[in-house]
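Below is one structure, written out as structure tokens; the observations come after it.
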Amino acid sequence: MTAAGPGGKATSAPLMGRDPEPTLFELSSPGRVASNFRTTGVPEWAAEELVPAAHLREAPAPIAEISERDLVAHMTRLSHRQFSVDLGAYPLGSCTMKYNPKLCDDAVARAGLADVHPAAPASLTQGWMALLTDLESALCRITGMAAATLQPPAGAAGELTGLLLMRAFHGAAGEDRRRRRVLIPDSAHGTNPASVTLGGYEVTQVPSDDRGCVDLDALAARLDDDVAGIMLTNPNTLGLFEEDIVAIAGAVHGVGGLLYYDGANLNAILGVTRPGDMGFDIVHMNLHKTFAVPHGGGGPGAGPVAVTERLSSYLPGPRPEAAGDGTYAWVEPERSIGRIHSWHGNALALARAWSYILANGGDGLRRVSDAAVLNANWLRHQLRGTYDIPYDRPCMHEFVASATNLKRAGGLRALDVAKRMLEEGFHAPTTYFPLIVEEALMIEPTETESPQTLAALAQALREIAGDTAEEGHAAPRTSPVGRVDEARAARRLVPTWDARSDA
Amino acid sequence: MTAAGPGGKATSAPLMGRDPEPTLFELSSPGRVASNFRTTGVPEWAAEELVPAAHLREAPAPIAEISERDLVAHMTRLSHRQFSVDLGAYPLGSCTMKYNPKLCDDAVARAGLADVHPAAPASLTQGWMALLTDLESALCRITGMAAATLQPPAGAAGELTGLLLMRAFHGAAGEDRRRRRVLIPDSAHGTNPASVTLGGYEVTQVPSDDRGCVDLDALAARLDDDVAGIMLTNPNTLGLFEEDIVAIAGAVHGVGGLLYYDGANLNAILGVTRPGDMGFDIVHMNLHKTFAVPHGGGGPGAGPVAVTERLSSYLPGPRPEAAGDGTYAWVEPERSIGRIHSWHGNALALARAWSYILANGGDGLRRVSDAAVLNANWLRHQLRGTYDIPYDRPCMHEFVASATNLKRAGGLRALDVAKRMLEEGFHAPTTYFPLIVEEALMIEPTETESPQTLAALAQALREIAGDTAEEGHAAPRTSPVGRVDEARAARRLVPTWDARSDA
Amino acid sequence: MHFVPHTDAEIADMLASMGLSSLDELFDAVPAALRLAGGLDLEPGLAEADVAGRFDDYAAANRPVGRSLVCFAGAGAYDHDIPSVVGRLAYRSEFVTAYTPYQPEVAQGVLQALFEYQTLVCRLFGTDVANASLYDGASATVEAVNLAVAATGRQEVWVSRGLHPHWRQVLATMAVGTGHQLVDVALDDGLTNWPVDGAPGAIVVQSPNHLGCLEDVGAAGELARRLGALLVVATDPVSAGLLKSPGSLGADVVVGEGQPFGASLSLGGPYLGLFACRREHVRRLPGRLVGETVDTEGRRAYVTTLRTREQDIRREKASSNVCTNQTLMAVAFLVHLSWLGTSGLRELALRCARGTRYCREALLAIDGVEPLAGAPVLREFAVRTPVPADVVVARMAEEGFLAGVALGEEYDAGLLVAVTEKRTKAEIDAFAGALEKVVR
Amino acid sequence: MHFVPHTDAEIADMLASMGLSSLDELFDAVPAALRLAGGLDLEPGLAEADVAGRFDDYAAANRPVGRSLVCFAGAGAYDHDIPSVVGRLAYRSEFVTAYTPYQPEVAQGVLQALFEYQTLVCRLFGTDVANASLYDGASATVEAVNLAVAATGRQEVWVSRGLHPHWRQVLATMAVGTGHQLVDVALDDGLTNWPVDGAPGAIVVQSPNHLGCLEDVGAAGELARRLGALLVVATDPVSAGLLKSPGSLGADVVVGEGQPFGASLSLGGPYLGLFACRREHVRRLPGRLVGETVDTEGRRAYVTTLRTREQDIRREKASSNVCTNQTLMAVAFLVHLSWLGTSGLRELALRCARGTRYCREALLAIDGVEPLAGAPVLREFAVRTPVPADVVVARMAEEGFLAGVALGEEYDAGLLVAVTEKRTKAEIDAFAGALEKVVR
Ligand SMILES: Cc1ncc(COP(=O)(O)O)c(C=O)c1O
Ligand SMILES: Cc1ncc(COP(=O)(O)O)c(C=O)c1O
């Protein structure tokens, strides 16, 4: 018998056990083939007749040699080792793990959308262009902006796009050399400072005040005419609405800076207020958060950027535009910063978000924010007294609790709480973010969890708070693997199957 | 808070725990709604204006009131409590749990097939009729028959159809009153005798000889001119080829009887030999076994029945037939026994089977049988000495082992072996069938399991054989629930959620 | 292509380990005379993409309902919207690629789904028990009649002509085996005109019936009780959204075609036979039944129960020969109906009824189009047309409509028209306009 | 429709438990002046079926490739057969509806898939490490250049004009922020004509390049080593079926567009940025990296590792700002490539090359159609046509073909034609026939 792993054995024992699933490479057996190719009638020249010897590889690239049956079992078993929204509540703060409606899956599963080549002339892609234009218009109405680019494939890409727009704007005024700083609150998401650097700016951090909001005095002290702008999310990463946003906008605009809105928390204010009304000039949206594009285990998402009128001529191009006669054309904005995606962005993700917006409508989107904020506040009330709540006032769609009291009392840390949650059948909250809260547990229940689920979440969190440190450290005991040795992974780096022997 | 179960809690704790999943009814909360309806503009008359009061129900039928999100989580969690071919090996004898190719899922997922109304005139359904006719022709070539009906929706329905064909055939000869017995070997599947009764016949059982085949003398003793026919599967349910099939056919035909082939084991002989060549007159095929239509947790399947020329005019109608000019028409066979399905059978299941046959082709189907038989024999060799193998000679696609030796030695029964298999990450073999083998373990690995999987199966079965009775009785310990109390289910019957209080 | 994983080397190894040298030797038990020379007379296997190409051809040769063939056909197969959740949940591969739940410990998914399905069917029908599905409406009716005959010991069966003609044909086909005597009972202005006396074992009525008319199920129930028969009611699950349940009106066994929930039209299958009855008949119930129980640790669990009724145990004395059923369609039914929920089911029925009323009025306004029956209808109705119904259907297809089902002579060759919640006012108006044109 | 489960009663209960009486009070922190009067200026929510109707309209207004528009366009987006397993496995909802694997204990599914994906990318490219994906080919190239500049400390970047023009445009857009100096290096008869001297930090070449030609990667590698630059090679993963790997030819960083494996054309996204490099650069690797480790009981386990490179920890000093990537596309890539397997990958590349050769010869036989470059090609080639290329594309669409991609002036306004394994001889013959007609 040839040497290969146990092909069809449910070694991950999906319903029952904790054995590891073998890798693809262990399931491989020399000479086994799953693939097949259509009949074409094309002459069957040999490789040597087609490719100069200097370019031809000697041996085929080793992939895997596995039957279709084993491939199916392997991936299905892997899926049984993966938590997901479809399995249960996922209160991962900032990530907005809400239900991803199935109608959106079906809406985009049309050959008329999926089988369109990105380089096809506009005459063949009018449906797509109409869709993208409709979406752009809706996003502008939601954010109170004038125009948007749909190219950025994720939030971070949107941030960088926004910063390049800022740069181009200041550049047009001859100020791009002088304006070299961008302000960021200390509660900001890591992508913000990283994007600022890539945009060629320096980061100036703005501390939060004791209410968890931008410290206005500290802000004033940092404002000068070398400031290109400020990046904010509102509500901020503590889940708190920056009540002084109008004053902040006035101050930043006062020195000639622009306001950038990190839309990761846009889901809190749909139909309530708009970044444009608050004074923001540039807004990115994480369609994979607010508009329910599923996260796919890490992506793809989509991060459109909307801007006010005065910035619209700088947008990346080409952009789809209605020609007025019912047709659509690709247009390059006059002073465009250029392309930021190979094609037109993550089009199918954009289409999904549009189907979600259409299904909800204006009324439904407002309801999203109502319920998201209701759920977060209700859960916050339930946890009061059990967990520290550093900024214990009405929150928006999420709030940050802290395990500091538990750590002091018995040694249970935020990490332990998170791992215990996994045992209880829930995903864990976001931990240790934002950085300004110790032992942070950032909880975003989202609007699609029912009051019953919230109650179960609250109960689990309260029960866990009563655990001993030992119980906490032992968790999770029932998951496919127990607590994972992260330090070892970094110390003895094994980034591929082939690197194992070195390890 | 209203009284309802814990909505989104992963109470079935798919990755981790053994808590029960709440029912739909426990997840229900009064007033919650998932459904929605398209805009039509049709006048919105009240129910009272449309339905006479005498017919109108007073209160809506209570279904469930559940959010789409909770419905998705509920069903997804249920799916994580279910073993399946896609998760691992499923050596359930007679059931032929082979890999169900994904290409077949996609082949039938076409609006051009799925959205065709069964009562549409033939001019609108030519594609379907071509497909069904092509399938019929292939099934006839595979079985060596002249014509087939695709109406029977499962094997048992095919059996009954076959018996009614027998009856019509004998009836045409004025012999339907005299011929009242149908012979069945004692190893037959339960549907065979049950179908005989529904066909209005009496069952005469034929004992097997010590080689596990039809006892020719016993057969002869039971043959008379009151015999309508015999039902056989070949290979039989012991996985053994009835070597004397030609003699059997001669004997049965000799008294004017017909031979019915139970096609549940047809997968053993594809391209090797054909029921028609063996002398059979009527053949049903379980497309959900031999031709990889997935079993769907119990169905749907498809059980076409093919017959020799002399029986073809009795087939159920209407049948799709090529008109010769490239079009197809529905035709009623001259002496048809009538309809046996509401429409044209399980059409999408038929189409799936056809896609499977097309993909395999004649060469591939032969390979199916080669590998199925190879796998079964190899595994039989591996288990020799560990398990009793009552008929230990070359088998076809399956074989029957027995735990009698283990039961005698340490008390481990076939049932325990089965439950232990579940712990090992495999589905269990069929147990206690056929009835003529004590402590039977009927093992059908199928051709899609690799040699590596077979080795793992063999190893697990050997290890289990070394277990104590206590270990066996305790199994399964790692599945979503432990051993289930079947007696209680029957004693205190709870057939619905609403019957629970009575229970 | 094929799906056998074995490499030639592996095959050789395996054969060698058994002392064999060729695959052919595996088939030594097959007499040489029976061996198929030259292999199967089928074309060689196709690649996945080539199979897809063939299926594109088949699909292209059909005219599916949709925008270019707006569906007004019903007769037991209805063009409903199927929510996305059905495809995404019921067709998860764990459900699709499982067998009958013989090992309950690893089959709680299917078992619990079936338990929930049984509960919903009972709630719709007003019954105590339901099985885990039969093949289709026709087979469920056959089994119901078998149950009733066995329970009463009487072989005479009164069958309303309002029962779907195909189902009656299947009853007739099967009666040749069982020996039941089927008595055809005619309709009068759309409703069954029952005899007042006799000794039937079963009375079979469909409501809404094949002409769409609402039968007096309560009266049939009284008749059945008076004559000592069991009442078998065939019904449409959608009607449960508005109509009194057959169980509450005296039905002993209720059957139906489950297609409206979760199944696409698909040329008629796979659909789903619904079957439910009073508790007293549970030991004659055909097919599979799931019951609640506990495991060794007292946790709630589900299992197929009362298995001694079934063919694999009871063999020739079984109450039915059903083995493979339509479980996956039952799961789809469960998902679709749960998504509708209590209010959605009512809304669905109401929308069908509204469209039906609107359409019926529009059609009857056309010169020469006459009602076939006067009795009240719910979601389907029959009309007489000045041009033969099959000609109407053919002509209407050119106009972009599947106009309905042309009824046979036994129903005065009428046209049966169904209107689901999918039909818009604009479509109905266009339909009436086109009909007016083609019947001129 | 909406997806909020709460009933009005539940909302009232929840509000009451917090001492609130209306939902509006939840937003008290939002200054009155900022409140949006009258709600969002969007139409009300649509039912699922109505959304589907809208999407039918959009889809109907496109002309997708397929039988009625046979695709000969490529340029980084190829019309390959995608086996059914991709949709059925990669799109299982556990993968689709998970977040980034922050809790490895319940994310082994995604983590192991990514570990396997990383291994495959390294095997294709001949590198030591690969990340868990970037957005697309363009963004992967940008990140590669950033890595090279950081590693060498030199901001000058030589970019071959054979690199996809859109990718070069993205490089240019981003260079405004990073300050890299991009130097455009022209092609000569299809191949990059590198300067012999200078001090670049990175040399960027694509092979096969935008004209389909095979570059001399080895020579570029030698040049890079000689000048102290890092060699960044952009490649097509399909070419790994036949060509020597960039890693084996001296590439320091290898990037590519992963679309050919598992992603439909979809107007250009979501696709997949492939990124791999030598091990020495692992601490500058952008994005996520999965590594193997063990759990507390010593069982094999996977986890994202070297996290200190990432933006959430390193913030403004991070090597990249990537957070959300294209994981699901990486899973689809994994499934497609695993299904192809070792022999299938080679076969795929071979079939593309055969079709390309056959098609190229057929086209060059047409009067007035001339090769744009003489260098050898693999799966794509460029020609000059007597009629402007964009006119050719427009006319060919009428004939049922997406004829290719009209190249810009910087490529002599040629027509770029790609041939995948899907194209049959008959299609190619018909294509040549139609082209002959339209260029007359
Ligand atoms: C507050 C905030 N900003 C920005 C981002 C970055 O968005 P993306 O992951 O789409 O690049 C995130 C994502 O987690 C976020 O939470
Ligand atoms: C030998 C045999 N005959 C007949 C049948 C009945 O077929 P079906 O379940 O399709 O009705 C089976 C199914 O298990 C079988 O194994």
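In the text below, chain A, chain B and the rest are named by the order of the sequence lines, each starting its count at 1. Every heavy atom of this structure was used, including side-chain atoms; hydrogens, water molecules and symmetry mates were not.
Contact check for B:I63 versus C:L124: side-chain heavy atoms found under the 4.5 Å cut-off. Taking the side chain as every heavy atom from C-beta outward, B:V72 and C:R88 never approach each other to under 4.5 Å. Between C:L265 and B:V116, the closest side-chain pair of non-hydrogen atoms is not below 4.5 Å.
Using a cut-off of 4.0 Å between Lys/Arg side-chain N and Asp/Glu carboxylate O, B:R483 and C:D295 are scored as not salt-bridged. For B:R500 and C:E292, the salt-bridge test passes: some basic side-chain N is under 4.0 Å from an acidic carboxylate O. A salt bridge links B:K419 with C:E105: the distance from a Lys NZ or Arg NE/NH1/NH2 to an Asp or Glu carboxylate oxygen falls below 4.0 Å.
For the residue pair B:R339/C:Q169, the side-chain donor-acceptor check at 3.5 Å is satisfied. Side-chain contact of B:H117 with C:D79: a donor-acceptor pair under 3.5 Å is absent, judged by distance alone. Looking at C:E116 and B:W497, their side chains never bring a donor and an acceptor atom within 3.5 Å of each other. Residues B:S195 and C:N321 bring a donor and an acceptor atom of their side chains to less than 3.5 Å of each other.
The backbone N or O of B:P193 lies less than 3.5 Å from no partner atom in the side chain of C:E316, so there is not a single donor-acceptor pair. The backbone N or O of C:A138 lies less than 3.5 Å from a partner atom in the side chain of B:S342, making a donor-acceptor pair. In terms of modelled atom types and a separation under 3.5 Å, the side chain of C:N62 and the main chain of B:G127 share a donor-acceptor contact. Side chain of B:T273 to backbone of C:L34: a donor-acceptor contact under 3.5 angstrom is found.
C:V4 touches chain B through backbone and side chain together, each having a heavy atom under 4.5 Å away. If you measure heavy-atom distances from C:R354 to chain B, the contacts under 4.5 Å come from both the backbone and the side chain. If you measure heavy-atom distances from C:S320 to chain B, the contacts under 4.5 Å come from the backbone alone. In this structure, chain B has heavy atoms under 4.5 Å from both the backbone and the side chain of C:L348. Interface residue C:V176: backbone and side-chain heavy atoms are both found under 4.5 Å from chain B. At a 4.5 Å heavy-atom cutoff, the contact between C:I11 and chain B is made by backbone and side-chain atoms alike. In this structure, chain B has a heavy atom under 4.5 Å from the side chain of C:A397, while its backbone stays farther away.
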Exercise for review: Walk me through it: do C:R54 and B:L358 pass the test side chain to side chain contact (heavy atoms under 4.5 Å, CB included)?
Suggested key: CA-CA 9 Å; C:R54 293 283 178 100; B:L358 276 177; 3.6 Å; yes

Using the rule given for side chain to side chain contact (heavy atoms under 4.5 Å, CB included), can you reason through B:F25 versus C:T119, listing the C-alpha separation, both sets of side-chain angles and the distance that settles it, and then say yes or no?
CA-CA 10 Å; B:F25 314 106; C:T119 302; 3.4 Å; yes

Exercise for the section: Kindly determine whether C:W167 and B:H341 satisfy ring-ring contact (aromatic ring centres under 6.0 Å, His included), including the steps that lead there. Expected result: CA-CA 8 Å; C:W167 302 12; B:H341 186 265; over 10 Å; no

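Contact count against chain C (heavy-atom pairs under 4.5 Å) is highest for B:A157 among B:A157, B:P121, B:G364. Of the listed residues (B:G338, B:A489, B:G200, B:A111), the one with the most heavy-atom contacts under 4.5 Å to chain C is B:A489. Between chain C and the options B:E65, B:H344, B:M75, the largest number of non-hydrogen pairs under 4.5 Å is found for B:M75.
Proximity of the aromatic rings of C:H6 and B:W378 is defined here by a centroid distance below 6.0 angstrom, and this criterion is not met.
C:F27 carries B:R366 over the face of its six-membered ring, with the cationic atom under 6.0 Å from the centre and within 45° of the normal.
Note that CE of B:M97 and OH of C:Y99 are 8.0 Å apart. Values are rounded to the nearest 0.5 Å.
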